[in-house]
Amino acid sequence: MPLRVVVSVEVDLMIGSVGEDVPVSVLVNTVADLVGETFRPIVGSAGVIYEGERPDGWVWVKEERGDAGPFISHPYALDIRLREPEDELPLLEGVYRALVDSGNYKVILFVDDNCIRGSHFDCKDW
């Protein structure tokens, strides 16, 4: 039987609102519709994380506000971990495109903590 080598990468989105702040509940519901899951809030010492369990893995939306760079304008993070890591990037690219196309969100796509694409952020500034 041939060996299958899977290279795991970390794929994430940073998300902010275009215009007035969109409540996190609206963002979570939008992401839930895009990934086909419902999310449940988990309250912890770091705040609330919204977790969505999929048959093939998990998706999380969490607030990661900061006082510098894109953390100011993109205060939410979308993280994903799937059983088949090669499925993560295509899924998040679809979410990225749908959020940007809605006109309500500005989004940055990261792969292994490297800025790959930003709808309202120049990755050269990362």
Side-chain angles (χ1 to χ4, degrees):
M1 179 164 83
L3 291 175
R4 181 175 154 218
V5 177
V6 175
V7 177
S8 181
V9 296
E10 184 175 329
V11 184
D12 310 281
L13 297 179
M14 287 179 70
I15 304 167
S17 301
V18 172
E20 292 190 31
D21 279 346
V22 173
V24 68
S25 59
V26 173
L27 172 61
V28 168
N29 288 335
T30 301
V31 171
D33 289 344
L34 294 172
V35 300
E37 290 301 321
T38 57
F39 284 74
R40 65 184 178 100
I42 300 172
V43 179
S45 61
V48 179
I49 296 175
Y50 297 87
E51 179 183 71
E53 186 173 348
R54 299 169 44 96
D56 60 345
W58 296 266
V59 181
W60 298 272
V61 175
K62 58 189 171 186
E63 188 171 353
E64 292 188 342
R65 290 189 186 269
D67 58 2
F71 292 96
I72 296 169
S73 58
H74 297 72
Y76 300 105
L78 174 63
D79 296 323
I80 186 168
R81 298 298 171 265
L82 301 179
R83 288 184 185 88
E84 300 294 334
E86 64 270 14
D87 295 338
E88 293 176 2
L89 184 57
L91 178 62
L92 280 192
E93 284 181 319
V95 172
Y96 173 97
R97 181 57 34 219
L99 290 175
V100 171
D101 288 349
S102 77
N104 297 320
Y105 300 98
K106 47 189 164 187
V107 187
I108 305 172
L109 172 66
F110 290 91
V111 175
D112 286 338
D113 294 323
N114 294 302
C115 182
I116 302 300
R117 182 180 315 123
S119 64
H120 296 74
F121 179 80
D122 189 341
C123 284
K124 291 184 291 186
D125 297 332
W126 179 245

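In what follows, residues are counted from 1 in the order of the sequence shown. Just so it is clear, the structure is predicted and the values come from calculations on it, not from any experiment.
- Cluster membership check: V24 does not share its hydrophobic cluster with W58, using side-chain heavy-atom separations under 4.5 Å among Ile, Leu, Val, Met, Phe, Trp and Tyr.
- Contact check for I15 versus H74: no side-chain heavy atoms found under the 4.5 Å cut-off.
- Clustering ILVMFWY residues whenever any of their side-chain heavy atoms sit less than 4.5 angstrom apart, transitively, puts W60 in a cluster other than the one holding V26.
- The two residues V11 and R81 come nearest to each other via the heavy atoms O-NH1, 4.0 Å.
- Minimum interatomic distance between S119 and V100 (heavy atoms only, all atoms of both residues): CB-CG2, 3.5 Å.
- The nearest pair of heavy atoms linking S73 to K106 is O-CE, 3.3 Å.
- F71 is listed as a side-chain neighbour of M14, based on a closest heavy-atom distance under 4.5 Å.
- Contact detail for F39 and V28: the closest heavy-atom pair is CB-CG1, 3.6 Å.
- Rounding to the nearest 0.5 Å gives a distance of 6.5 Å between CD1 of I42 and CD1 of I49.
- The structure places CG of L78 at 14.0 Å from OH of Y50, a figure rounded to the nearest 0.5 Å.
- Of all heavy-atom pairs between L82 and E88, the closest is N-OE2, 2.8 Å.
- Counting heavy atoms from C-beta on, the side chains of F110 and R117 never come closer than 4.5 Å.
- For the pair N104 and V18, the minimum side-chain heavy-atom distance is 4.5 Å or more.
- Here salt bridge (charged side-chain N to carboxylate O under 4.0 Å, His left out) pairs that include residues 60-72, with residues two or more places apart or in two chains, are K62-E64, K62-D79, E63-R65.
- Note that the CG atom of L92 and the CG atom of D12 stand 7.5 Å from one another [nearest 0.5 Å].
- In terms of modelled atom types and a separation under 3.5 Å, the side chain of D122 and the main chain of K124 share a donor-acceptor contact.
- Using a 30° and 60° split on the angle between ring planes, W126 and F121 fall in the perpendicular class, above 60°.
- The backbone N or O of A98 sits nowhere less than 3.5 Å from a side-chain atom of Y105 that would complete a donor-acceptor pair.
- Hydrophobic cluster membership differs between V31 and I108, with clusters built from Ile, Leu, Val, Met, Phe, Trp and Tyr side chains linked at under 4.5 angstrom.
- Heavy-atom minimum distance, P75 versus G16: CD-CA, 3.8 Å.
- Considering OH of Y76 and OG of S17, their distance stands at 6.5 Å, rounded to 0.5 Å.
- Expressed to the nearest 0.5 Å, how far CZ of R54 lies from CG of L91 amounts to 5.0 Å.
- Between P70 and H120 the shortest side-chain heavy-atom distance does not fall below 4.5 Å.
- A continuous path of Ile, Leu, Val, Met, Phe, Trp and Tyr side chains, each step under 4.5 Å between heavy atoms, connects L89 with L13, placing both in one hydrophobic cluster.
- Of the inter-residue distances, the one linking D21 atom CG with L27 atom CG reads 11.0 Å to the nearest 0.5 angstrom.
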